[in-house]
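Notes follow once the structure below has been shown.
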Amino acid sequence: MGCLHRPLGGTSSDDLPFVRRFKPREIEAATSGFSTALETGGPRGTAYRARFADGLVATVRRVAGGDRDHDHQEQDGAFYRGLQLLGRLNHRHVVRLRGFSEGHNRFLVFDQMENRSLKECLHDPLRTPLNWRTRLQVAIDVAAALEYLYYFCDPPVFHVTVNSSNVMMDADFVAKLSDVSVVAHDSAQESEGSRHHFYHHLCQVYTDMSGVPLTV
């Protein structure tokens, strides 16, 4: 468990030795021509179910963004810094980045979460409702992920959206955070506010699961 303690930087895939680089044709073949969409639209981009030739079953997410011809260098820098961060994350309760693809479109490849999002587990009428023991464990899992991101990563990861849509559930209903990114920050200011953010996110998960608002 842990993040590598070195600055984020670099503007090319050569700076990503521990992240697998997929060819665009591999992405297209694994998604059967992008025919199996798991999630469409939204700020996180469209996600597809994928099965690669080596047997890897994963979620492929198209990176949402503006015109690549506009502020090209700035967008490249942000993309590769994000990849470096995601490639370093190594925790049981954070969705693992498997690789990426470049080309006309950019894609990120993540572990497949068989039970999809916590929101679907809670609100899909065709699913068996989660019992309270499982719901409590989800809260514990999310707390463990936030503790890791806030206190054990360098740089700390403060830009985390936590709600029932971004908490993913694996085949055993182990909760994992997705939608993790890094932002430039003043370490002293962020450290002072991190405790508030930590409890705010836990309150959000509690409210989603119980239907009872909880604030700090």
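Treat the numbers as computed from the prediction; the structure is a model and nothing was measured. Along the sequence shown, the residues carry numbers beginning at 1.
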Between atom [atom1] of [X] and atom [atom2] of [Y], what is the distance when rounded to the nearest 0.5 Å?
| X | Y | atom1 | atom2 | value |
| --- | --- | --- | --- | --- |
| S178 | D111 | OG | CG | 12.0 Å |
| L118 | M113 | CG | CE | 13.5 Å |
| L177 | L149 | CG | CG | 6.5 Å |
| K176 | M169 | NZ | CE | 10.5 Å |
| Q137 | D141 | CD | CG | 4.5 Å |
| T134 | L122 | OG1 | CG | 10.5 Å |

Treat each ILVMFWY residue as a node, draw an edge where side-chain heavy atoms are under 4.5 Å apart, and state whether [X] and [Y] are in one component.
| X | Y | result |
| --- | --- | --- |
| F110 | V19 | yes |
| V57 | V60 | no |
| L89 | M168 | yes |
| Y148 | V138 | yes |

- Between S117 and E120, does a side chain to side chain donor-acceptor pair (under 3.5 Å) hold up when you go through it step by step? CA-CA 5 Å; S117 71; E120 293 173 85; 3.2 Å; yes
[X] side-chain N/O to [Y] backbone N/O, donor-acceptor pair under 3.5 Å:
| X | Y | answer |
| --- | --- | --- |
| D172 | V174 | no |
| R127 | N115 | yes |
| R116 | L38 | yes |

- Determine, for D54 against R20, whether the closest basic-nitrogen to carboxylate-oxygen distance falls under 4.0 angstrom. yes
- Query: Should the pair E39-R61 be classified as a salt bridge under the 4.0 Å nitrogen-to-oxygen rule?
  - Reply: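 Looking at R61 together with E39, the answer is yes, because their closest N to O distance falls below 4.0 Å.
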- Note on the structure: In terms of heavy-atom contacts, A58 and V109 come closest through CB-CG1, 3.6 Å
Is there side-chain contact between [X] and [Y], with heavy atoms separated by less than 4.5 Å?
| X | Y | answer |
| --- | --- | --- |
| K23 | E26 | yes |
| R49 | T59 | no |
| V167 | N163 | no |

- Item | F100 six-ring face occupied by R106 cation (under 6.0 Å, within 45°) | no
- Message: Going by ring-ring contact (aromatic ring centres under 6.0 Å, His included), name the residues that satisfy it together with F34, two or more places apart in sequence or in a different chain.
- Response: Y48, F107
- Task: Tell me, please, which residues at least two apart from F52 pass ring-ring contact (aromatic ring centres under 6.0 Å, His included).
- Result: F22
- Checking H93, R92, E114 against D170 for side chain to side chain contact (heavy atoms under 4.5 Å, CB included), the one that qualifies is E114
- Task: Apply the test side-chain contact (heavy atoms from CB on, under 4.5 Å) to residues T31 and T36: give CA-CA distance (whole Å), side-chain angles for both, the deciding distance (0.1 Å), then the verdict.
- Result: CA-CA 7 Å; T31 59; T36 310; over 6 Å; no
